[in-house]
Amino acid sequence: MNTPVPPRASRPARLNSLPKLPIFYDLTGKRILVIGGSEGVAWKAELLAASGGIVRIVAVDPSPELSALIASAPDQFDLVQRHWQPDDLDGVSLAVADIEKPDEAERFVEVARSRGVLVNVIDQPAFCDFQFGSIVNRSPVTVAISTDGAAPILAQAIRRRIEAALPLSLGAWAQAAKEFRENLKAIVPAKAGRRRFWEKFVDTAFTAKGDEVQRSSRLERLALETRDEQVTRPEVGEVVIVGAGPGDPELVTLKAMRELQAADVIVYDRLVTPGVLELARREARRIHVGKEGHGASCRQDDINALIVDLALAGHRVVRLKGGDPSIFARTGEEVEACQDAGVPVRIIPGVTTASAAAASLGGSLTHRDHAQRVQFVTAHDRHGDLPEELNLGALVDPLATTVVYMGRRTASKLAARLIDNGLQPDTPVAAVSDASRPTQEQLETTLVDLAHGATLPGSGPLIILIGASVRPARETTPNLHQGSYHTVRARQPVNGIGERLPVLFSSWSLVSVR
C-alpha cells in the first residue's frame with residue numbers, strides 16, 4: 001500500500017540566463033544626445049523623440065532623411081551642425097552615436113560614461129550600454145524583441161507575426177483601461193473582483209471595436225457585471241481543472257495558457273512538465289500533489305480538500321493535470337468535492353496522450369480501413385494490478401483501436417488475456433513512453449510479443465495502442481515532435497508462453513536517435 005504524503009509547495013524554475021535585461025525606460029523630459037547624420041541616426045532620433053525625450057542632434061552633414069525628420073517636427077529636435085564636443089554630454093541621460101572610427105568611438109564612450117550617460121554606438125556592440133530592439137507599437141502597449149544581435153532578421157520576422165496577432169484597436173483599449181483604473185477601484189473594491197474584471201477586459205480588448213465613448217461605456221458595464229458577481233459570491237474563489245497535455249508545452253491550448261496566467265495557486269501532478277509550468281504566472285503559488293512512480297503519493301481526499309479550501313479562501317485555483325482531465329484523471333471526484341462545498345468549478349480540456357502518441361507514429365487511431373471506433377481503458381487498478389472488471393469481449397473487437405493508459409506493469413498480462421479471448425496474436429501494438437517530449441521512446445511490436453514480455457520503452461508515462469490502425473513495425477519511424485526513432489527486432493525464436501501461442505519473435509531492443 002502506498003504511503004500517503006502531504007501536498008508540497010514548490011517555486012517556479014529559475015529563469016534561464018538572459019543576454020540583456022529588457023527594461024522600459026521613461027524618457028519623458030530627459031535630454032538625449034544623438035551624434036551623426038546617417039539614415040540609421042534618423043530612425044533612432046525619431047524613436048527617442050516618440051518616447052518623450054528632448055533630442056539634440058549634432059551632425060556635420062545630416063542626411064536628407066534626417067533633415068526631413070527635423071523639418072517635420074522642429075519643436076522635437078535641435079540640430080547643431082558641427083563635430084561633437086565633450087560638453088555636449090553635460091546634463092544628458094542617454095546618448096546615441098554613429099561613429100565609424102574605433103578610436104573616436106572609444107573616446108566618445110569614455111566621455112559619456114564619465115558623466116553617467118548611457119551610450120549606444122550604432123553597429124558597435126562593444127561600445128553599447130543598451131541596444132534597440134525590434135518594436136511593435138500599439139501604444140500604450142509596446143512589445144520589444146531582441147536576439148542580442150545574433151539574428152536581426154529573425155527579430156523582424158517575430159515582430160511581423162506579433163503585429164498580425166495584435167489588433168490595431170488594442171492600444172486604444174489599453175489607454176481606456178488605464179484611464180478607468182480609479183473608477184474600477186470605486187466600483188469593484190475587492191482585489192479578486194478586479195482580477196476577474198481584467199480577465200473579461202482581455203477578451204473585450206482583442207475582439208471589440210468602438211469609439212472612445214463606446215469603450216468607456218463598455219468598461220463600466222464590465223465593472224458593474226463583475227461587482228454583481230462578487231455580491232452573489234463575495235469571498236469564494238474558483239477551481240479550474242486544466243488539461244496540461246502530454247508534456248510538450250506547444251500542445252497546451254490557448255485557453256489553458258490563459259488560465260495558467262490568471263491563477264493564484266496551481267495544484268499540479270507529476271506528469272506536468274517543467275516547460276508547461278513555465279507558461280504560468282510566475283507569482284502564482286505552486287503545490288505538487290503527484291505520486292512518484294508507484295511510491296508515496298498524496299491521497300485523493302487530501303487533494304480534494306486542498307483545492308476546496310484554497311477556493312473558499314478566495315483564491316483562483318488551477319488544478320493542472322497531465323493529458324486531458326476527463327480521461328482517467330479522477331476529475332469527477334474533484335468536481336463533486338467542489339460542488340458539494342459550493343465552489344465554482346470549470347474544466348478546460350487538453351490534448352490526451354493517446355492523440356500525441358498516434359501523431360508521433362505518423363498514424364491514426366481510427367483508420368477508415370481498420371477501425372470503426374476507439375476505446376480508452378486503464379490497465380491499473382487502485383492496487384496497481386490489472387483491473388478484473390475489464391470488458392475483454394469489447395477489447396478483442398478487431399475493428400476497434402484500444403488505447404491502454406497506465407499499463408507498464410500489466411502489459412504482458414493484458415496481452416495474454418486478449419489473445420485468450422480471441423484477439424489475433426499478430427495484432428499490431430505500439431508502446432510510446434513520454435509521448436511528445438524530447439525523451440520520447442517508442443516500440444512497435446505485436447500482441448504476442450507484448451504477451452511474451454517485450455521490453456517496453458523508456459521509464460516515463462506509457463501509452464499502449466493496440467489494433468490494426470496502428471502501423472506495423474518499420475525500420476524507421478518518424479517522430480513529428482522530436483527527432484526520429486528506430487525499432488530493431490531480434491530474429492531468433494525462443495519458447496512461447498504456452499502451446500496456444502505461435503512463436504514469432506524473441507526479444508526487442510530499442511535505439512532512440514535524437
Side-chain angles (χ1 to χ4, degrees), residues 15-59 66 69-70 72-73 75-80 84 86-99 105-106 108-152 154-156 158-160 162-163 166 170-175 177-179 181 281-283:
L15 281 171
N16 292 332
S17 298
L18 294 171
K20 300 289 185 299
L21 176 66
I23 294 177
F24 289 89
Y25 185 28
D26 185 2
L27 295 181
T28 304
K30 290 183 171 61
R31 292 180 57 192
I32 312 297
L33 178 65
V34 177
I35 304 297
S38 66
E39 291 183 1
V41 163
W43 179 82
K44 289 177 171 59
E46 183 178 13
L47 176 64
L48 293 165
S51 301
I54 302 170
V55 181
R56 189 180 204 196
I57 303 170
V58 177
L66 180 58
L69 173 66
I70 295 169
S72 69
D75 58 328
Q76 291 184 311
F77 304 100
D78 174 27
L79 174 64
V80 180
W84 72 275
D87 58 5
D88 288 330
L89 288 152
D90 292 342
V92 168
S93 297
L94 206 72
V96 176
D98 187 5
I99 301 174
E106 185 175 6
F108 178 79
V109 170
E110 288 176 354
V111 173
R113 289 174 177 169
S114 70
R115 288 163 167 77
V117 178
L118 293 173
V119 64
N120 175 288
V121 179
I122 296 173
D123 292 334
Q124 298 196 48
F127 295 136
C128 293
D129 295 323
F130 65 93
Q131 294 176 347
F132 292 89
S134 189
I135 293 175
V136 178
N137 185 6
R138 297 288 188 271
S139 183
V141 176
T142 308
V143 182
I145 304 108
S146 170
T147 61
D148 196 34
L154 175 61
Q156 294 171 19
I158 295 171
R159 184 201 69 207
R160 289 194 297 270
I162 294 176
E163 283 185 328
L166 301 184
L170 187 65
W173 277 107
Q175 183 61 40
K178 184 177 181 180
E179 296 168 355
R181 292 186 74 91
R281 192 169 71 99
R282 292 194 64 81
E283 296 82 0

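Predicted model, so just to flag it, every value in this text is computed and none were measured.
- Between V41 and V96, the closest side-chain pair of non-hydrogen atoms is not below 4.5 Å.
- Here T142 pairs with F24, I135 under the side-chain contact (heavy atoms from CB on, under 4.5 Å) rule; sequence neighbours left out.
- The two residues S38 and D98 make their nearest non-hydrogen contact at OG-OD2, 2.5 Å.
- Here the side chains of V143 and L166 are in contact, with some heavy-atom distance below 4.5 Å.
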Quiz item: Can you check side chain to side chain contact (heavy atoms under 4.5 Å, CB included) on V136 and V141, steps first, answer last?
Solution: CA-CA 8 Å; V136 178; V141 176; over 6 Å; no
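- The one candidate from I70, I35, I32 that meets the side-chain contact (heavy atoms from CB on, under 4.5 Å) condition with I57 is I70.
- Legend: residues meeting side chain to side chain donor-acceptor pair (under 3.5 Å) with S146, ordered by chain and number and at least two apart, are absent.
- The side-chain contact (heavy atoms from CB on, under 4.5 Å) test applied to L154 returns T147, A151, I158, not counting sequence neighbours.
- Pairs of residues two or more places apart, or lying in two chains, never qualify as salt bridge (Lys or Arg N to Asp or Glu O under 4.0 Å) while including a residue from residues 38-48.
- For A73, the side-chain contact (heavy atoms from CB on, under 4.5 Å) partners two or more places apart in sequence, or in a different chain, are D75, Q76, F77.
- Annotation: side-chain contact (heavy atoms from CB on, under 4.5 Å) contacts of P140 (sequence neighbours excluded): A174, Q175.
- Atom CG of L33 is separated from atom CD1 of I54 by 13.0 Å, given to the nearest 0.5 angstrom.
- Evaluation of the side-chain hydrogen bond (donor to acceptor under 3.5 Å, both in side chains) test over residues 18-32, restricted to residues two or more places apart or in two chains, returns K20-D148, D26-T28.
- Smallest separation of non-hydrogen atoms from A112 and V119: CB-CB, 4.2 Å.
- Considering all non-hydrogen atoms of both residues, A59 and G36 come closest at CB-O, 3.4 Å.
- The two atoms that bring A95 and L89 nearest to each other are CB-CD2, 3.9 Å, heavy atoms only.
- With rounding to the nearest 0.5 angstrom, the OG atom of S93 is 8.5 Å from the CG atom of L118.
- Partners of E163 under the side chain to side chain donor-acceptor pair (under 3.5 Å) rule, at least two apart in sequence or in another chain, do not exist in this structure.
- Taking CG of L27 as the reference point, atom CG of L94 lies at 6.0 Å (rounded to 0.5 Å).
- Summarising the geometry of A45 relative to L69, their closest heavy-atom pair is CB-CD2, 4.3 Å, with the distance given to 0.1 Å.
- Listed by first and then second residue, the ring-ring contact (aromatic ring centres under 6.0 Å, His included) pairs involving residues 129-149 are F130-F132 (not counting sequence neighbours).
- N137 CG to L47 CG: the interatomic distance, rounded to the nearest 0.5 Å, is 9.0 Å.
- Here the straight-line distance linking atom CH2 of W43 with atom CG of L48 works out to 8.5 Å at 0.5 Å rounding.
- The list of salt bridge (Lys or Arg N to Asp or Glu O under 4.0 Å) pairs with a residue in residues 133-145, not counting sequence neighbours, is empty.
- The side-chain hydrogen bond (donor to acceptor under 3.5 Å, both in side chains) contacts involving residues 109-128 comprise D90-R115, R113-D129, where partners must be two or more places apart or lie in separate chains.
- With sequence neighbours excluded, the residues forming a salt bridge (Lys or Arg N to Asp or Glu O under 4.0 Å) with R56 are D78, D88, listed by chain and number.
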